[in-house]
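So the structure is just underneath, and the comments pick up after that.
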Amino acid sequence: MSTEREGARMALEPDALHEDEDGHWLECPRCGSPAYVVEILQEGHCRGFQDETEARDDTDREVGCDATLGLELVWDEE
């Protein structure tokens with residue numbers, strides 16, 4: 001994963017990680033939908049994601065979350 005991309009970054013506290021029968025998830029910082037760790041790694045977005053093409057195909061729904069998500073593990077030598 002490139003660190004050259006622009007975007008908002010956030011540090012997570014231990015209570016930000018949740019677990020249920022589908023796995024570990026975080027709340028999407030953009031829309032609040034569950035963002036499962038595996039889905040972030042595989043697909044790069046939360047469960048609320050819907051791009052403009054999907055919104056046009058499904059006229060009953062508005063455009064959903066458009067955030068591209070990624071996880072970064074940082075080792076900070078103190």
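This chain uses plain numbering: 1 for the first residue, then up along the sequence. In what follows, every heavy atom counts, from backbone to side chain, and hydrogens, waters and symmetry copies are set aside. As the structure is a prediction and not an experimental result, all values here were calculated from the model.
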Would you compute the distance between atom CZ of Arg47 and atom SG of Cys31 and round it to the nearest 0.5 angstrom?
12.0 Å

Shortest non-hydrogen separation from Cys46 to Leu69 and the atoms involved
N-CD1, 3.8 Å

Applying side chain to side chain contact (heavy atoms under 4.5 Å, CB included) to Cys65 and Cys28, what does each step give before you reach the verdict?
CA-CA 9 Å; Cys65 182; Cys28 177; 3.8 Å; yes

Working to the nearest 0.5 Å, report the span between CZ of Phe49 and CD of Glu39.
12.5 Å

Kindly write out the residues that satisfy ring-ring contact (aromatic ring centres under 6.0 Å, His included) with His18, not counting sequence neighbours, or none if the list is empty.
Trp25

List for me each residue that meets side-chain contact (heavy atoms from CB on, under 4.5 Å) alongside Glu27, sequence neighbours excluded, and say none if there are none.
none

Please answer: with hydrophobic residues joined when any side-chain heavy atoms are less than 4.5 Å apart, are Leu41 and Leu26 in the same cluster?
yes

Which pair of heavy atoms, one from His45 and one from Ala67, lies closest together, and at what distance?
CB-O, 3.7 Å

Do Val37 and Leu12 share a hydrophobic cluster, counting only Ile, Leu, Val, Met, Phe, Trp and Tyr and linking them when any side-chain heavy atoms are less than 4.5 Å apart?
yes

